[in-house]
2 protein chains.
Amino acid sequence: MDKRPDPIGFGFFAFVKMNIFRIKSSYMFSKASQYAIKAIIYIWMKSLQDSKAGAKEIGSEIDAPEAFTAKILQQLSRAKLIGSVKGPNGGFYADESHTNKTLKDVVRAVDGDSLFTGCSLGLNKCSEKNPCPLHFEIVGIRQKLDQMLTNKSIKHLAVEVIKGETNIKRILQVNK
Amino acid sequence: MDKRPDPIGFGFFAFVKMNIFRIKSSYMFSKASQYAIKAIIYIWMKSLQDSKAGAKEIGSEIDAPEAFTAKILQQLSRAKLIGSVKGPNGGFYADESHTNKTLKDVVRAVDGDSLFTGCSLGLNKCSEKNPCPLHFEIVGIRQKLDQMLTNKSIKHLAVEVIKGETNIKRILQVNK
DNA sequence: AAATTAAAGGATAATTTTGTCCTTATATGG
DNA sequence: CCATATAAGGACAAAATTATCCTTTAATTT
Ligand code: FES
Ligand code: FES
């Protein structure tokens with residue numbers, strides 16, 4: 001039976017033995033993937049306006065650390081999800097040759113595909129034959145996520161950001 | 001190793017300057033949450049058979065490191081998602097007072113609720129008014145996940161494992 | 001009451017992910 | 001060809017997550 005100090009009556013002691021357990025923040029995508037998605041959308045935005053984007057600019061425009069963003073851009077470039085040019089007026093870009101690349105490609109390039117194919121509860125293998133307790137529920141959800149990441153055109157998402165319908169950057173604390 | 005097809009056809013150059021970047025493994029849930037989910041299901045299994053489970057046993061039965069599992073069990077216990085008794089014949093258990101606890105409670109107890117309420121692309125706040133490019137697609141998926149984690153009875157999941165319909169432990173490499 | 005058992009908790013280590021900095025390679029413009 | 005700008009890459013640092021070990025607390029059994 002839990003006999004820890006009553007936070008009201010013994011608030012001081014409660015404070016002393018406060019959070020031993022850190023609060024984590026888990027999301028669907030790793031930070032690297034989040035940055036990658038925002039970066040590639042931004043690159044498409046620039047490319048639609050016939051210009052390239054440098055790593056520094058991208059990092060600052062998507063609220064991501066610049067050097068880390070540069071690493072991620074390398075990965076995207078090596079995976080041929082974007083193009084890159086060195087030197088003056090160089091930078092990252094996307095063109096027709098990249099139009100059929102999907103957000104799923106992006107996520108897989110930086111996170112691998114455990115999100116799509118691994119067992120949600122960490123069994124060594126996701127299997128219909130030996131399903132984990134969440135398997136049949138998770139596969140449906142995962143499939144929806146998969147479809148979304150393959151069907152949504154990155155270019156189109158970029159257009160929406162250009163139109164101001166969606167944001168790629170930290171929301172300012174203006175609204176209530 | 002992820003070696004996705006290179007549509008242009010110069011993949012072998014890519015091979016030369018192989019993976020500087022580590023492959024990560026991102027899942028929907030953190031490892032801590034995965035262990036927590038499997039642990040609470042196991043505890044229910046034991047409780048349905050009128051016995052308690054110790055941290056060591058639980059760790060070994062769900063293929064999780066024992067000491068780490070013990071930490072997670074502490075969190076579940078403090079969040080009152082399970083009960084615990086010290087001393088001989090002690091251990092962790094679940095009873096009627098825990099029947100209305102959900103897997104969502106479990107995930108939130110160990111991972112917080114950024115998975116449910118945070119922006120999938122890491123904007124400081126998920127908002128309909130200032131949505132990120134994935135917002136309207138993600139909310140649907142997230143809601144499905146949320147519903148699943150609140151509606152599936154943990155007790156019932158335990159019954160399924162008891163019946164052998166699902167697994168909580170590493171799948172053996174026997175099947176093909 | 002004493003011995004025993006198991007959870008609670010603290011400290012710390014290992015690993016992974018995230019982030020920084022600096023050097024090297026290379027394309028561009030002059 | 002030379003200077004410059006920018007991506008590529010390597011090495012390293014910081015932070016977060018995962019993992020281990022040991023001490024303390026509290027039940028239970030004898
Ligand atoms: S077996 Fe766990 S998600 Fe498929
Ligand atoms: S604003 Fe990004 S998920 Fe809602």
Distance, rounded to the nearest Å, where A:Tyr93 contributes OH and C:dA27 contributes C1': 12 Å
Rounded interatomic separation in angstrom, taking CG from B:Asn89 and C1' from D:dT29: 9 Å
Nearest-Å distance for atom pair CD/P, residues B:Gln74 and C:dA6: 16 Å
Whichever of B:Ala67 and B:Gly87 has its nearest DNA chain D nucleotide further upstream toward 5': B:Ala67
Nucleotide D:dT6, atom P - distance to CD1 of A:Ile82 in whole Å: 16 Å
Residue met sooner reading DNA chain D from 5', once A:Gly54 and A:Ser26 are mapped to nucleotides: A:Gly54
Heavy-atom donor-acceptor pair, B:Asp111 side chain to A:Ser26 backbone, under 3.5 Å: no
Rounded distance in Å - OH (A:Tyr35) to P (C:dT20): 9 Å
Residue B:Phe68, side-chain heavy atoms: nucleotide from D:dT20, C:dC21, D:dA8 that is nearest: D:dT20
Distance, rounded to the nearest Å, where B:Phe29 contributes CZ and D:dT18 contributes P: 14 Å
5'-most by nearest nucleotide on DNA chain C - A:Lys71 or B:Ala53: B:Ala53
Rounded distance in Å - CD1 (A:Ile72) to C1' (C:dT17): 11 Å
Per A:Arg78 side chain, nearest of listed nucleotides D:dA8, D:dG9, D:dA19: D:dG9
B:Leu73 CG to D:dT18 C1', straight-line distance once rounded to whole Å: 15 Å
A:Lys86, nearest nucleotide to its side chain (from D:dG10, D:dT6, C:dT17): D:dT6
First of A:Gly90 and A:Thr69 reached from the 5' end of DNA chain C, by closest nucleotide: A:Thr69
B:Lys71 NZ to B:Tyr35 OH distance, which is reported to the nearest 0.5 Å: 15.5 Å
B:Asn151 atom CG: more than 12 heavy-atom contacts under 6.0 Å: yes
Residue A:Pro88, side-chain heavy atoms: nucleotide from C:dT17, C:dT28, C:dG19 that is nearest: C:dT28
B:Lys169 atom NZ: more than 12 heavy-atom contacts under 6.0 Å: yes
